[in-house]
Number of protein chains: 2
Amino acid sequence: MGTTTAERPSGFDAFSALCPSRRLLDTIGDKWVSLAIVAIGLRGPLRYSELASQIEGVSQKMLTQSLRRMERDGLLARTVTPSVPMRTDYELTPLGQTLLPVIGHLKAWAEEHMPEVDAARTAYDSRV
Amino acid sequence: MGTTTAERPSGFDAFSALCPSRRLLDTIGDKWVSLAIVAIGLRGPLRYSELASQIEGVSQKMLTQSLRRMERDGLLARTVTPSVPMRTDYELTPLGQTLLPVIGHLKAWAEEHMPEVDAARTAYDSRV
DNA sequence: CGGGATCCCCCGCGATACTG
DNA sequence: CAGTATCGCGGGGGATCCCG
């Protein structure tokens, strides 16, 4: 409020400590959330176990927790098929789909610029 | 390596647990890193104190830590002017500038879609 | 298969104090 | 002004067990 940021037509500003958009920014920037969005977005609806194997190294707890939060935030839809054994599918909602390209670029940036970042680190570490 | 992800010309894949790009993804998705990138990118070179006031609620420790990591990763350049009192300016490197639009969209998405997310949360919480 | 519930440990992070 | 160093705790997150 006090500090004038450029324009923010939405009325939300992540620079503000108490603005809810800051929390949201933190959520969508999360590692597991990002990978889940991209995985589901690229591969269509995915089952829980497919997500777990796709996102290597994610613990059961973190995966479930992330999926729940994303469902609550309206980013993805959960469909349970009560067969035996049961089956659960996750897919992006229209809202989640608008986030896909954004996060897709983030992940792509990390993969594309890894060599440059590595070089920068080596240079930085060799100094002093 | 085992699981085939689409294509990855770079050879890096954040879905892989040990791939360094996963750590990088985690870094650039960080709240403080994101806000710092956007702040510097939008306002030109900024001094330490300007960043601190711009990014409300960030602690000295986290701000310094984030800036150091970003400098090491080649995302921003640090210029120290040894006057009295001293002065330090941070600006984006060319590499950091390529990241700016990506993170800018992330922050913008959070601010623009906050109402929809809020509505989704209310709907979710009212069920059960 | 797709989770929920618990335990527990580690360290991220804030608060505080000091320095060039 | 722009940091560094240290302490202390809260909770994020892994491991484990169990259930529908």
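Chain naming here is simple, since letters A, B, ... match the order of the sequence lines and numbering starts at 1 in each.
Residue A/S49 places at least one side-chain N or O closer than 4.0 Å to OP1 or OP2 of C/dG2. The phosphate of C/dC1 (OP1 or OP2) has no side-chain N or O of A/S83 nearer than 4.0 angstrom. Applying the 4.0 Å criterion to OP1 and OP2 of C/dC1, one finds that A/R47 has every side-chain N and O outside that range.
Under the 4.5 Å side-chain criterion, counting only non-hydrogen atoms from C-beta, A/L67 is in contact with A/L51. In this structure, A/I103 and B/W109 have side chains that are not in contact, with every pair of non-hydrogen atoms separated by 4.5 Å or more. Between A/D89 and A/L46 there is no side-chain heavy-atom pair separated by less than 4.5 Å.
Distance from the side chain of A/P85 is smallest to C/dC1 among C/dA17, C/dC1, C/dG3. Taking only side-chain atoms of A/T88, from C-beta outward, the nucleotide of C/dG4, C/dG2, C/dA15 with the closest atom is C/dG2.
Protein atom NZ of B/K31 is 11 Å distant from nucleotide atom C1' of C/dG12, rounded to whole Å. One atom, CE of B/M62, and another, P of C/dC11, lie 15 Å apart when rounded to the nearest Å. Rounded to whole Å, atom C1' of C/dG2 lies 17 Å from atom NZ of A/K61. Whole-Å rounding puts the A/E50 CD to C/dC1 P distance at 11 Å. Separating the CZ atom of B/R23 from the P atom of C/dG12 is a distance of 10 Å, rounded to the nearest angstrom. Atom P of nucleotide C/dG2 and atom CZ of A/R78 are separated by 11 Å, given to the nearest angstrom. The distance between atom CZ of A/R87 and atom P of C/dG2, rounded to the nearest whole Å, is 8 Å. Rounding to whole angstrom units, CG of residue A/D26 and C1' of C/dG12 are separated by 13 Å.
Residue contacts for A/Q65: at a heavy-atom cut-off of 4.0 Å it reaches no nucleic acid atom on any strand shown.
Close approach of DNA chain D to chain B, defined as any atom under 4.0 Å from a non-hydrogen atom of the protein, starts and stops at D/dC1 to D/dT4.
Atom CZ of A/R121 is surrounded by more than 12 heavy atoms from other residues, nucleotides or ligands within 6.0 Å.
Here B/D26 pairs with A/K31 in a salt bridge; the nearest charged N to carboxylate O distance falls below 4.0 Å. A salt bridge does not link A/D13 to A/R22: none of the charged side-chain nitrogens sits closer than 4.0 Å to a carboxylate oxygen.
For A/V80 and B/M86, each mapped to the nucleotide of DNA chain C holding its nearest heavy atom, the one lying further toward the 5' end belongs to A/V80.
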Any chance you could lay out the side chain to side chain donor-acceptor pair (under 3.5 Å) test for A/T64 and A/Y48, step after step, and finish with the verdict?
CA-CA 9 Å; A/T64 301; A/Y48 182 88; 3.0 Å; yes
